[in-house]
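What follows is a short report on a single structure.
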Amino acid sequence: MSFSSDVKAELCQTRIDKKSTAVAECYGVLMYCNTFSPTDIRIITAGADFARRLPRLFRRAFSLNFDYLPDENCRGKRSFEITDEEKIAVILDAYGAEADTMLTHHVNFGVLEDEADRAAFIRGAFLAGGSVTAPEKSYHLELATPHRSVSREVYSLLLDMGFSPRETHRAGNSLLYFKQADAIADFFTAIGASGAAMDVMTAKVDKEMRNTVTRQINCDAANADKTVAAAQNQIRVIKSVIQRYGLEALDDTLRDTAILRITNPEASLADLARLSIPPVSKSTLNYRLSKLMKLSVEEE
């Protein structure tokens, strides 16, 4: 199963207690389903959990059944349909709409005055027309409907709920979408998928930790490259000094430092300081190397 399917399965575990909440969730489903007209309602889903929820949801909201149901053993996409005009009239009446005047879909905010009902409406919209990518891959949640007016009004509804979705259009659909992990997690929490919200935040933390480790590794690698480059330059200069003056011309301290640097070409200054006999501070060793480098300059 995809992450999107898992989220919808979790949402379908939400209890259908209040009639008004069921009406609100059905409202979201209808505004984002395949067909919602005065003569036909058709909801198509590939989700088994949503398919089981739909008949119970519509009975609780409107005390009616679908005219056409998918076969119980159906696999793949399942289609639910209502064509009885009296049933459709009951549904339209619940949302303050009439078949004769319904030219364009609009969201009746009067049906969604309660906070729980607004959350239920968005839950229904996501179940019917929503999708989300696996957070391990990327952060992208969207709600897609063919009704532009509905998308604009749901945009306003989400703003009232404290969200700031983005808008776009694709393949004849109007889309609202989020691309931030925090916004997606908050969205799921609001509509009843706290488990999915936790999955999103866990993925975010994992990504941030991996990015931090990667940055540290890259930084360490860059520092190591600088250390090796500096060491190679020091060795080249020291060898030229030895070739010019000979080791015997150096005092004991500089001679030991020269040998230590040449025999430990990849060691950092801190490592060389610890390897010195006796051990010295990093600044002391750096001072000795600087003296060797100056001999090369004097040579030139």
Side-chain angles (χ1 to χ4, degrees), residues 1-14 24-25 27-29 31-34 43-50 53 77 107 112 115-219:
M1 290 179 66
S2 67
F3 180 68
S4 194
S5 297
D6 290 341
V7 175
K8 292 183 179 183
E10 181 182 358
L11 289 173
C12 287
Q13 301 305 311
T14 307
E25 185 172 328
Y27 203 7
V29 170
M31 289 299 186
Y32 279 80
C33 72
N34 301 80
I43 304 167
I44 300 175
T45 178
D49 295 277
F50 188 34
R53 183 177 181 84
K77 292 187 176 181
V107 177
L112 306 173
E115 181 178 346
D117 293 342
R118 290 196 294 271
F121 174 89
I122 299 298
R123 179 169 59 248
F126 183 79
L127 286 170
S131 63
V132 61
T133 58
E136 295 82 8
K137 298 178 181 178
S138 64
Y139 305 123
H140 184 86
L141 180 152
E142 66 181 37
L143 295 171
T145 176
H147 311 298
R148 185 169 185 177
S149 56
V150 169
S151 190
R152 289 295 303 163
E153 289 156 1
V154 173
Y155 177 88
S156 298
L157 180 62
L158 287 170
L159 287 180
D160 288 341
M161 295 172 67
F163 297 102
S164 298
R166 300 178 185 178
E167 297 179 280
T168 190
H169 302 277
R170 184 176 68 233
N173 285 324
S174 294
L175 276 69
L176 301 177
Y177 67 96
F178 299 97
K179 296 190 76 68
Q180 303 83 28
D182 292 345
I184 293 173
D186 290 344
F187 179 91
F188 284 149
T189 299
I191 65 175
S194 56
M198 182 63 69
D199 290 340
V200 172
M201 295 312 296
T202 298
K204 179 186 178 185
V205 171
D206 289 345
K207 281 185 180 180
E208 290 176 346
M209 289 181 64
R210 285 196 297 272
N211 290 339
T212 298
V213 171
T214 300
R215 284 194 298 270
Q216 186 61 53
I217 290 173
N218 291 338
C219 181

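The chain is numbered in sequence order, starting from 1. In this text the structure is predicted, and so the values were computed from the model without any measurement.
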Exercise for the section: Could you tell me the separation between the CG atom of Leu11 and the CG atom of Asp6, rounded to the nearest 0.5 Å? Expected result: 11.0 Å
Exercise for the section: Flag the pair Val154 / Ile122 as yes when at least one side-chain heavy-atom distance between them is below 4.5 Å, and no otherwise. Expected result: yes
Exercise for the section: For residues Ala203 and Pro135, report the shortest heavy-atom separation together with the two atoms involved. Expected result: CB-CB, 3.6 Å
Practice task
Report, as yes or no, whether the 6.0 Å neighbourhood of atom CD on Glu115 holds more than 12 heavy atoms from other residues, nucleotides or ligands.
Solution key: no
Handout entry: Aromatic ring proximity Tyr32/Phe126, centre distance under 6.0 Å
Key = no
Practice task
May I ask you to decide if Ile184's main-chain N or O and Lys179's side chain share a donor-acceptor pair within less than 3.5 Å?
Solution key: no
Exercise for the section: Considering non-hydrogen atoms only, spot the tightest contact between Ile43 and Cys33 and give its length. Expected result: CG1-CB, 3.8 Å
Exercise for the section: Compare all side-chain heavy atoms of Tyr177 with those of Pro165 and state whether any distance is below 4.5 angstrom. Expected result: no
Handout entry: Check: Glu153 and Leu157 side chains under 4.5 Å, non-hydrogen atoms
Key = no
Exercise for the section: Could you check if a side-chain atom of Tyr139 sits within less than 4.5 angstrom of a side-chain atom of Lys204, using non-hydrogen atoms only? Expected result: yes
Problem - Salt-bridge criterion met for Arg118 and Asp160 (N-O under 4.0 Å) - result: no
Handout entry: Nearest heavy-atom neighbours spanning Ala24 and Leu112
Key = CB-CD2, 3.8 Å
Practice task
Please report the shortest heavy-atom distance between Ile191 and Arg123, naming the atom on each side.
Solution key: O-NH1, 3.0 Å
Practice task
Evaluate the ring planes of Phe187 and Phe178, with Trp represented by its six-membered ring, and classify them as parallel (under 30°), tilted (30 to 60°) or perpendicular (over 60°).
Solution key: tilted
Problem - Straight-line distance of Gln180 CD to His140 NE2, nearest 0.5 Å - result: 11.0 Å
Practice task
Working to the nearest 0.5 Å, report the span between OG of Ser174 and CD of Glu142.
Solution key: 12.0 Å
Practice task
Starting at CD of Gln13, measure out to NZ of Lys8 and round the result to the nearest 0.5 Å.
Solution key: 15.0 Å
Practice task
Please round to the nearest 0.5 Å and tell me the distance separating atom CG of Leu176 and atom OG of Ser164.
Solution key: 11.5 Å
Fill in the blank from the handout: All heavy atoms of Ser194 vs all of Glu10, minimum pair found to be N-OE2, 3.2 Å
Handout entry: Asn34 side-chain N/O to Ile44 backbone N/O, donor-acceptor pair under 3.5 Å
Key = yes
Problem - Cationic N near anionic O, under 4.0 Å, Glu136 to Lys207 - result: no
Exercise for the section: Report yes if some heavy atom in the side chain of Ser151 is under 4.5 Å from a heavy atom in the side chain of Leu175; otherwise report no. Expected result: no
Handout entry: Glu25/Arg53 salt bridge by N-O under 4.0 Å criterion
Key = yes
Practice task
Taking all non-hydrogen atoms of both residues into account, name the closest pair between Phe3 and Ala196 and its distance.
Solution key: CZ-O, 4.0 Å
Practice task
Determine, stepwise, if the pair Leu141 / Phe188 fulfils side-chain contact (heavy atoms from CB on, under 4.5 Å).
Solution key: CA-CA 10 Å; Leu141 180 152; Phe188 284 149; 3.5 Å; yes
Practice task
Could you tell me whether the side chain of Tyr155 reaches within less than 4.5 Å of the side chain of Leu159, counting heavy atoms only?
Solution key: yes
Practice task
Could you tell me whether the side chain of Ser131 and the main chain of Ser4 form a donor-acceptor pair under 3.5 Å?
Solution key: no
